[in-house]
Amino acid sequence: MQKLNDTVTFRNGATVANRIVQPPMLTNSGRDDGHVTQDTINYYNQRSNSAGMVIVEYTYVSRAGGPSRSWASDREQLGLYKDEQMPGFTKLAQTLKKDGNKAILQLEHSGREANYHAQLGEKVYAPSSFDFGFLDYEVEEMTEADILEVIHDFGAATKRD
Ligand SMILES: Cc1cc2nc3c(=O)[nH]c(=O)nc-3n(C[C@H](O)[C@H](O)[C@H](O)COP(=O)(O)O)c2cc1C
């Protein structure tokens with residue numbers, strides 16, 4: 001019988017120490033331009049051994065793709081859409097790997113939820129034009145070119161490691 005503390009080896013050969021996963025959970029510890037902060041490092045440093053697989057919270061891949069659900073504090077969602085943000089994520093990866101864990105990051109685009117841009121008086125984009133009655137700002141429909149750019153941004157973020 002398999003036990004929670006058995007190792008797991010995936011088809012690509014990667015092995016994790018046990019069958020426990022910490023799912024991605026936002027900490028709102030980033031800077032308002034998405035940079036990892038010392039708060040982010042401290043949080044994941046304490047949890048690098050909390051599970052066999054720790055998945056770092058949702059991180060937006062395009063400038064317009066976040067921060068989402070902003071409370072206009074000085075700490076926001078993490079973003080990885082430009083090279084200047086890489087050193088923080090490199091440090092985060094090293095922190096997670098220090099006890100043998102993998103460094104896994106959830107990439108996303110927050111779409112209509114990227115309300116920080118509404119607060120800045122900028123446009124917020126979603127795949128469809130729709131009256132989201134529960135939002136107090138308008139959402140602009142993405143063009144095909146916008147969507148292709150987001151697809152490109154996902155690819156670019158995977159290469160920033
Ligand atoms: C504080 C908090 C932050 C979360 N942040 C994320 C996130 O960044 N990305 C995500 O996909 N899910 C997020 N979730 C959802 C959790 O990953 C989800 O609750 C977890 O997978 C457990 O699933 P369950 O609630 O269906 O049991 C978050 C949940 C909580 C409680």
Side-chain angles (χ1 to χ4, degrees), residues 2-8 10-12 14-82 84-99 101-120 124-128 130 132 134-135 137 139 142 147 150-161:
Q2 288 170 331
K3 297 198 176 87
L4 265 181
N5 56 0
D6 285 346
T7 58
V8 183
F10 296 96
R11 268 182 288 186
N12 67 357
T15 298
V16 295
N18 58 59
R19 306 176 72 82
I20 302 169
V21 176
Q22 176 180 311
M25 288 185 286
L26 73 101
T27 58
N28 264 44
S29 63
R31 260 174 32 188
D32 61 8
D33 61 355
H35 277 74
V36 164
T37 66
Q38 191 58 43
D39 291 340
T40 319
I41 301 293
N42 293 348
Y43 174 86
Y44 286 101
N45 185 42
Q46 293 222 352
R47 285 158 185 83
S48 61
N49 253 336
S50 67
M53 182 189 286
V54 176
I55 305 175
V56 174
E57 68 205 72
Y58 74 158
T59 297
Y60 58 100
V61 297
S62 311
R63 184 182 173 279
S68 78
R69 295 184 177 273
S70 169
W71 289 276
S73 66
D74 65 345
R75 286 289 181 265
E76 302 285 357
Q77 185 189 2
L78 301 179
L80 183 52
Y81 60 89
K82 55 184 178 182
E84 299 94 282
Q85 292 159 329
M86 281 169 64
F89 283 91
T90 302
K91 202 170 164 194
L92 183 53
Q94 288 163 348
T95 302
L96 281 165
K97 287 178 169 177
K98 73 180 185 342
D99 299 312
N101 220 311
K102 309 289 179 211
I104 304 174
L105 180 65
Q106 182 182 40
L107 298 176
E108 60 85 69
H109 183 290
S110 298
R112 69 170 192 222
E113 296 295 326
N115 71 348
Y116 181 73
H117 294 281
Q119 292 173 31
L120 296 179
V124 177
Y125 295 91
S128 310
F130 189 77
F132 298 103
F134 51 90
L135 297 179
Y137 51 88
V139 173
M142 289 170 139
I147 291 170
V150 171
I151 292 169
H152 170 268
D153 291 343
F154 269 93
T158 65
K159 294 191 170 63
R160 293 194 178 100
D161 55 9

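For ligands, and for the atoms within them, numbers begin at 1 and follow the listed sequence.
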To the nearest 0.5 Å, what is the distance between [atom1] ([X]) and [atom2] ([Y])?
X	Y	atom1	atom2	value
Ile147	Asp153	CD1	CG	12.5 Å
Tyr43	Asn28	OH	CG	11.5 Å
Thr59	Leu26	OG1	CG	10.0 Å

### Query
What residue among Ser68, Pro67, Ser110 forms side-chain contact (heavy atoms from CB on, under 4.5 Å) with Tyr116?
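That would be Pro67; it is the only one of Ser68, Pro67, Ser110 passing the side-chain contact (heavy atoms from CB on, under 4.5 Å) with Tyr116.
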### Query
Gln38 and Asn42: side-chain donor and acceptor closer than 3.5 Å?
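Yes, a side-chain donor-acceptor pair sits under 3.5 Å.
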Pairs under 3.5 angstrom, nitrogen or oxygen on both sides, ligand 1 versus protein: list them out, please.
residue, atom, partner, partner atom, Å
ligand 1, 5 (N), Pro24, O, 3.4
ligand 1, 5 (N), Leu26, N, 2.8
ligand 1, 8 (O), Leu26, N, 3.4
ligand 1, 8 (O), Tyr58, N, 3.2
ligand 1, 9 (N), Gln106, OE1, 2.7
ligand 1, 11 (O), Gln106, OE1, 3.3
ligand 1, 11 (O), Gln106, NE2, 2.9
ligand 1, 12 (N), Pro24, O, 3.3
ligand 1, 14 (N), Pro24, O, 3.4
ligand 1, 17 (O), Pro24, O, 3.0

### Non-neighbouring partners of Arg63 that pass salt bridge (charged side-chain N to carboxylate O under 4.0 Å, His left out), sequence neighbours left out
Glu122
